[in-house]
Asks: 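The structure that follows is given in the form of C-alpha cells.
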Amino acid sequence: MSENGQAGGETSDSRFGADVLDALDRIACRLDARGRLRDWTERLPSETGYDTADLDGLHVTQLVTDEADGSFSAALRRALETGERQRRTAPLVRSGGETVPYEWTITPVDGERLTLLGRDRTRQTERERRDTGRRAEVRRLERALALLRRVNETVSQARTRTEIESRVVEAIVGEDAFERAVIVDVGPEIERVSIRARAPDERESSPMPTERSASLLASKAFRSGETVVLRPSPDPDSGDGGLESAGERRVGSLAAVPLCSDGPTYGVLLVYATESEGFDDRLQSLLSDVGRTVGDGIHGLTLRRLVHGDSVREIILRTADEEFPFVAASADLDCRFDLDTYVPLDEGSALCYVALDGATYDAFESYADADPTITDSRPITTHGGDRYLETKVKTKTVGTLVYESGARITEASVAHGMAELVLAVAIDGDVRTAVSGFRTHFPDAELVAKRQVESSSATSPTGHDLPPNLTERQKQALFAAFNAGYFDWPSRGSTGEELATRLGISPQTFHQHLRTAQRKVLQSILE
C-alpha cells in the first residue's frame, strides 16, 4: 500500500503484497489512531465506489456499518489499547448506500496506526443461509414424519372414534408449527360446523378464525375431498372471510383437511398456524396423509363394529331415481327385483344376483339392452332349482357406494319404479353420513325408517365372515362361483370360463383365485 493510495515510492515487496490482496479479493487500508483512512490498496475505491479524494481522511465507520452496540468501534479501540489483533463481521457500505457482508481483521501497527483487512462474505453468507435452510427443512421433515408415525400408532391402537380424534388433535398441537387443531363435523345440509374434538390443554386465548371463516373452509374441504388453505387477506375490508379473531387481523393461516380416503368423509381437521405462510406444499401433503390415515382408521373401526357388534341401527331408504339399477325396468315391465347377493367388481361395478317376479327373462333382456346401468345379464339356475338373473351393473349404488357410506345392505328390492334398501349401520356409527353419502348420488332418496336391531338379524348379501387373509380377487371368485351355481351338481349353473369372462380375467386366473380362496376358507374352519 502507498500513501493516499498512490503506487509511486512503494517497494516491490509492498506492491507485490497489494497485488496478492487484490488477487485474493481482499481490501486493505491503514488507519490513524482516530480511525481515519491514510492509505489503501487499489481495490478499495473499486469496491466502495468512492474516488481517491473522497477516501482520504474518511472515518472508517463511514465505510463499515457499526453495530447498534458499537462493537466495531470498540474493536478498533481494543486493538490500539492491547496491541492484540481483533476480528469482527460488519457490512461494508458503498457510496450508493448498498451494504455488502464483510469480515474484518484489525491489526495494530505501532500503537498509533491500524491495518484493516476485509474479505467479502457474500458467497459464504449465501452458503450459510442455504445450509441453515436445508438443516431447518430436514428438521421439519423429521418432525413431520414423527407426527405421521404418531398418528399411525394412534389409529392402530385406538378402540373408539373419539379416542382417535382426541389423540390426533393432541399430537398436532404438540408441534411448534401449529397453534390450534380441532376436528369438526360438516354435513352437506348444514352451514355451520360443530366441534367434535380439541386438544385437552388448548388455551382458550389461542387465535382462531371466525366461525364463518372456519365453516366456509371446512365445507369446501368436505365437498372437494382435498386439503385447502386460507391465508390472511391483504385488505382488512375485503369481506372475503379472511382470518379474524375478536376484532383483530390475524397473521396466521388455516388449513382444512378432510378425514377421508376410500370411505366417507368423517369430518374435517382444522389446523391453525401462526405464520401467514404456515402451510407449504410439503406440509399440506403431510396433513393430507394425516387426513387419509385418520379417515381410513375411523372407517375400518366403523366396519369392524358393524360386523362384530351385538346390535346395529337399520335405516330404510327409498328412491325412484331411474339411475338406480332396475328402477326404470321395474316401472316399464311392472315387475319386481329382489337382491339375493352381489359381488363388487372394479371401478364401481358389481355382479348382482336377483330374483325376477312378474316378468319373463326374455322381456327383461330386451329391455336391459337399452338400460345404461345394466351392461350384461344372463339367467342362471342354482340353489335347488331357483331361477335367478346374474346382471352386471355399472353403478356405485350396490357395491362401493354402500362401503363408502360405512354401512352394509341387509335387504334390497326394486318394485314398480321404486327401490327400497335396508342398510345396517354400527350402533355408534354416523347415520347421517350413510344417508348423506347415498343422497350424494341419489338426491331424492327418502329416509323412511330408523330402528335398532340385534346384529344377528341384520344379515348382509355379502356379510359372511371370511378369513381376513382373502384378497379382493379371491373374494370375487368365491362369491361369483357360489352364487352362479358353479358348485352345483350334477349340472353346473355356470362354467369357469363364463365366470372368468364376467369378472374380466382369464380362466386360468379365475381358477387360481378360486382354489386359493377355497383353501383359505377350509383352513380357517378345520384348523
Side-chain angles (χ1 to χ4, degrees), residues 1-137 234 276-277:
M1 291 184 291
S2 64
E3 190 71 19
N4 296 332
Q6 302 298 317
E10 63 181 335
T11 65
S12 59
D13 287 343
S14 64
R15 179 66 261 174
F16 175 75
D19 290 342
V20 169
L21 291 174
D22 287 339
L24 292 176
D25 292 338
R26 303 290 195 274
I27 60 175
C29 59
R30 286 200 180 101
L31 313 176
D32 61 20
R34 298 173 63 186
R36 299 185 180 279
L37 291 173
R38 291 309 175 196
D39 59 324
W40 51 83
T41 58
E42 293 179 358
R43 188 174 184 81
L44 184 62
S46 63
E47 184 68 13
T48 62
Y50 284 99
D51 294 334
T52 298
D54 296 329
L55 290 172
D56 188 21
L58 189 69
H59 197 276
V60 68
T61 54
Q62 293 182 260
L63 290 178
V64 181
T65 299
D66 207 355
E67 301 295 335
D69 58 359
S71 59
F72 184 77
S73 297
L76 296 176
R77 291 194 298 272
R78 183 174 178 81
L80 287 172
E81 293 169 0
T82 65
E84 297 176 353
R85 179 178 295 173
Q86 305 290 314
R87 286 188 173 86
R88 292 291 186 275
T89 56
L92 174 74
V93 184
R94 291 174 174 163
S95 59
E98 178 188 358
T99 60
V100 183
Y102 256 75
E103 182 180 65
W104 304 97
T105 300
I106 308 167
T107 305
V109 178
D110 51 13
E112 296 294 333
R113 291 180 299 172
L114 297 170
T115 296
L116 193 62
L117 184 65
R119 179 173 66 88
D120 188 340
R121 297 186 70 253
T122 301
R123 292 182 180 178
Q124 182 178 348
T125 301
E126 291 176 353
R127 285 196 301 271
E128 291 172 352
R129 186 181 298 111
R130 288 195 299 269
D131 290 344
T132 301
R134 282 193 290 266
R135 287 193 294 270
E137 181 66 21
S276 59
E277 299 297 328

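Hydrogens, waters and symmetry mates play no part in the numbers below; they use all other heavy atoms, side chains included.
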Asks: How would you list, by chain and number, every residue that makes a side chain to side chain contact (heavy atoms under 4.5 Å, CB included) with Val93, sequence neighbours excluded?
Replies: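 Only Thr65, Thr99 meet the side chain to side chain contact (heavy atoms under 4.5 Å, CB included) criterion with Val93.
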Asks: For atom CZ of Arg85, decide whether the heavy atoms of other residues, nucleotides or ligands shown that lie under 6.0 angstrom number more than 12.
Replies: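 No, CZ of Arg85 has 12 or fewer neighbouring heavy atoms, counting only those of other groups under 6.0 Å.
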Asks: Below 4.5 Å, heavy atoms only, C-beta onward: do Leu31 and Leu37 meet side chain to side chain?
Replies: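 Leu31 reaches Leu37 side chain to side chain.
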Asks: In terms of heavy-atom contacts, does CD of Glu112 have more than 12 from other residues, nucleotides or ligands at under 6.0 Å?
Replies: no
Asks: Using the rule given for side-chain hydrogen bond (donor to acceptor under 3.5 Å, both in side chains), can you reason through Glu47 versus Tyr102, listing the C-alpha separation, both sets of side-chain angles and the distance that settles it, and then say yes or no?
Replies: CA-CA 12 Å; Glu47 184 68 13; Tyr102 256 75; 3.2 Å; yes
Asks: Could you state the interatomic distance from CD (Gln62) to NE2 (His59), rounded to the nearest 0.5 Å?
Replies: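 Answer rounded to 0.5 Å: 8.0 Å.
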Asks: Return the CG to SG distance between Leu55 and Cys29, rounded to the nearest 0.5 Å.
Replies: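 Atom-to-atom, Leu55:CG and Cys29:SG are 9.0 Å apart.
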Asks: Heavy-atom count check: over 12 atoms from other residues, nucleotides or ligands less than 6.0 Å from Arg130 CZ?
Replies: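 More than 12 heavy atoms, drawn from other residues, nucleotides or ligands, come within 6.0 Å of this atom.
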Asks: Give, for atom OG1 of Thr125 and atom CD of Glu103, the distance between the pair rounded to the nearest 0.5 Å.
Replies: 9.5 Å
Asks: Check step by step if side-chain hydrogen bond (donor to acceptor under 3.5 Å, both in side chains) holds for Asp66 and Ser73.
Replies: CA-CA 7 Å; Asp66 207 355; Ser73 297; 2.5 Å; yes
Asks: Which atom pair, heavy atoms only, marks the closest approach of Ala90 to Val64?
Replies: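 Smallest interatomic distance, heavy atoms only, reads CB-CG1, 3.6 Å.
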Asks: For the atom pair CG (Asp120) and CG (Leu92), what is the distance rounded to the nearest 0.5 Å?
Replies: 8.0 Å
Asks: Decide yes or no on side-chain contact (heavy atoms from CB on, under 4.5 Å) for Leu114 and Val60, but give the supporting numbers first.
Replies: CA-CA 11 Å; Leu114 297 170; Val60 68; over 6 Å; no
Asks: Considering non-hydrogen atoms only, spot the tightest contact between Ala75 and Gln86 and give its length.
Replies: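 That closest heavy-atom pairing would be O-CG, 3.5 Å.
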Asks: If the condition is salt bridge (Lys or Arg N to Asp or Glu O under 4.0 Å), which residues does Arg88 pass it with, not counting sequence neighbours?
Replies: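 Expected list: none.
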Asks: With side-chain hydrogen bond (donor to acceptor under 3.5 Å, both in side chains) as the test, would you mind laying out the steps for Thr132 and Arg135 before giving the verdict?
Replies: CA-CA 5 Å; Thr132 301; Arg135 287 193 294 270; 3.3 Å; yes
Asks: So does Arg134 have more than 12 non-hydrogen atoms from other groups sitting under 6.0 Å from CZ?
Replies: yes
Asks: Using 0.5 Å steps for rounding, measure from the CH2 atom of Trp40 to the OG1 atom of Thr115.
Replies: 14.0 Å
Asks: If you look at every heavy atom in Gly49 and Ser95, which pair is closest and at what distance?
Replies: O-OG, 3.5 Å
Asks: Applying side chain to side chain donor-acceptor pair (under 3.5 Å), name anything that partners Asp32, two or more places apart in sequence or on another chain.
Replies: Arg38
Asks: Measure the CG-CZ distance between Leu117 and Arg30 for me, rounded to the nearest 0.5 Å.
Replies: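 These two atoms lie 11.5 Å from each other.
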